[in-house]
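Values below: all heavy atoms of this structure, side chains included; hydrogens, waters and symmetry mates excluded. Note that the structure is predicted; figures quoted are calculated from it, not measured.
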Amino acid sequence: MPKRTRAGALTALAGAALVVGTALAAPAAAAPKAPGFLKAADLPPRAGTSWAAGKVTAGIPEEVKQDMCIGVGLGGGQDSWYRKFRTDLDTSARQVSAELPSVRLAKGRFAKLDEDIVSCADRIEMADPQMQATLQDHGTLPVGDGAHVYALRTVTAWGASDVRLISIGREGRTVTVVDWGQLGGFVDAPVQAFKKTTTTAVNRLH
């Protein structure tokens, strides 16, 4: 009896060692890799200051999730990353990129974002009667699998004015949004420089 017990124990230990060895030998699932992002120098120049870039961070920031123009279209933040940019003045920017499981889903994400941006001005005014919003379509760009650039101006009943430049782009399964903003109106928005920024953003994804 003692010998059989000992043999059984040795067999169990050998089996456990085999399981552990197999587990150690199995490759760990690789974490999704973030696509390439803009650098501070890629943003439109702002007179009197320079751009600073934050870290590329997994997920989607809370203010983006709540954004009426792009929040819904970007989804819940799975397999997404973002980077914030700032200046010492009133100008800021951010880039959010999402890696979709398939090209088909990426095309759908791009189309949803485009639809939401186009309807954004009307929805802003419906949500806040003291806000006037105007959208300008600055056309598409021949980069990657496509990009589209918009400008959005909002003016409050008490006179405060903000302008945003928003672009969406796609390369394969990756969709990216670049969002620039500052105080002012359409005349203050560097559209041509922002188009160059958008082209760089899409080219840098992969």
_Euclidean distance, Asp79 CG relative to Leu100 CG, rounded to 0.5 Å_ = 8.5 Å

*asked:* Working to the nearest 0.5 angstrom, can you tell me the gap between Ile117 CD1 and Glu115 CD?
replied: 11.0 Å

_Any pair counted as salt bridge (charged side-chain N to carboxylate O under 4.0 Å, His left out), so long as it reaches residues 47-58, sequence neighbours left out_ = none

*Hey, quick one: are Leu74 and Ile166 part of the same hydrophobic cluster, counting side-chain heavy atoms closer than 4.5 Å, chains of contacts allowed?*
yes

*Inter- and intrachain pairs under salt bridge (charged side-chain N to carboxylate O under 4.0 Å, His left out), touching residues 133-159, at least two apart*: Asp145-Arg170

*Consider only side-chain heavy atoms of I, L, V, M, F, W and Y, link residues closer than 4.5 Å, and tell whether Phe194 and Leu141 are in one cluster.*
yes

*Residues forming a side-chain contact (heavy atoms from CB on, under 4.5 Å) with Ser50, sequence neighbours excluded*: none

_List the residues meeting side-chain hydrogen bond (donor to acceptor under 3.5 Å, both in side chains) with Thr176, not counting sequence neighbours, and say none if there are none._
Gln95, Ser97

*Hphob cluster co-occupancy, Ile60 + Val175, side-chain heavy atoms under 4.5 angstrom*: yes

_Side-chain donor or acceptor of Thr49 paired with backbone N/O of Asp88 under 3.5 Å_ = yes

Atom pairs and distances, donor-acceptor, side-chain atoms in residues 182-190, under 3.5 Å, two or more places apart:
unit_1	atom_1	unit_2	atom_2	d
Gln182	OE1	Arg46	NE	3.2
Gln182	OE1	Thr91	OG1	2.8
Asp188	OD2	Gly185	N	2.8

*Under the ring pair (Phe, Tyr, Trp, His ring centres under 6.0 Å) rule, collect the residues that match up with Tyr150, sequence neighbours excluded.*
His148

*Can you tell me how far CG of Leu113 sits from SG of Cys69, rounded to the nearest 0.5 angstrom?*
10.5 Å

_Polar side-chain atom of Trp51 near backbone of Asp42 as donor-acceptor pair, under 3.5 Å_ = no

_Where at least one partner belongs to residues 101-113, residue pairs that pass salt bridge (charged side-chain N to carboxylate O under 4.0 Å, His left out), sequence neighbours excluded_ = Lys112-Asp116

*Is there a side chain to side chain donor-acceptor pair (under 3.5 Å) between Arg204 and Thr200 once you walk through the steps?*
CA-CA 6 Å; Arg204 192 167 287 166; Thr200 301; 5.7 Å; no

*Say you draw a straight line from CG of Leu38 to CG of Leu43; how long is it, rounded to the nearest 0.5 Å?*
6.5 Å

*Not counting sequence neighbours, list each pair that qualifies as a salt bridge (charged side-chain N to carboxylate O under 4.0 Å, His left out) and has a residue in residues 61-78.*
Glu63-Lys84, Asp67-Arg94, Asp67-Arg164

*With Thr156, which residues qualify under side-chain hydrogen bond (donor to acceptor under 3.5 Å, both in side chains), at least two apart?*
Trp158

*Do Ser80 side-chain atoms and Gln78 backbone N/O form a donor-acceptor pair below 3.5 Å?*
yes

*asked:* Give me the atom names and distance for the closest heavy-atom approach of Val202 to Ala147.
replied: CG2-CB, 4.4 Å

*Identify whether Met68 and Ile70 are in the same connected component of the hydrophobic contact network (ILVMFWY, side-chain heavy atoms under 4.5 Å).*
yes

_Please report the interatomic distance CD1(Ile124) to OG1(Thr134), rounded to the nearest 0.5 Å._
10.0 Å

*Closest approach of Cys120 and Leu152, non-hydrogen atoms and distance?*
SG-CD2, 4.2 Å

_Derivation and outcome, side-chain contact (heavy atoms from CB on, under 4.5 Å), residues Leu165 and Thr197_ = CA-CA 11 Å; Leu165 293 172; Thr197 295; over 6 Å; no

*Pairwise distance OG1(Thr154) to CD(Glu125) - rounded to 0.5 angstrom*: 10.0 Å

*Val96 with Val143, same ILVMFWY side-chain cluster at under 4.5 Å*: no

_With sequence neighbours excluded, residues passing salt bridge (charged side-chain N to carboxylate O under 4.0 Å, His left out) with Lys195_ = none

_Pairs where residues 76-132 contributes a residue and the test ring-ring contact (aromatic ring centres under 6.0 Å, His included) is met, not counting sequence neighbours_ = none

*Go through the structure and list residues passing side-chain hydrogen bond (donor to acceptor under 3.5 Å, both in side chains) with Arg86, not counting sequence neighbours.*
none

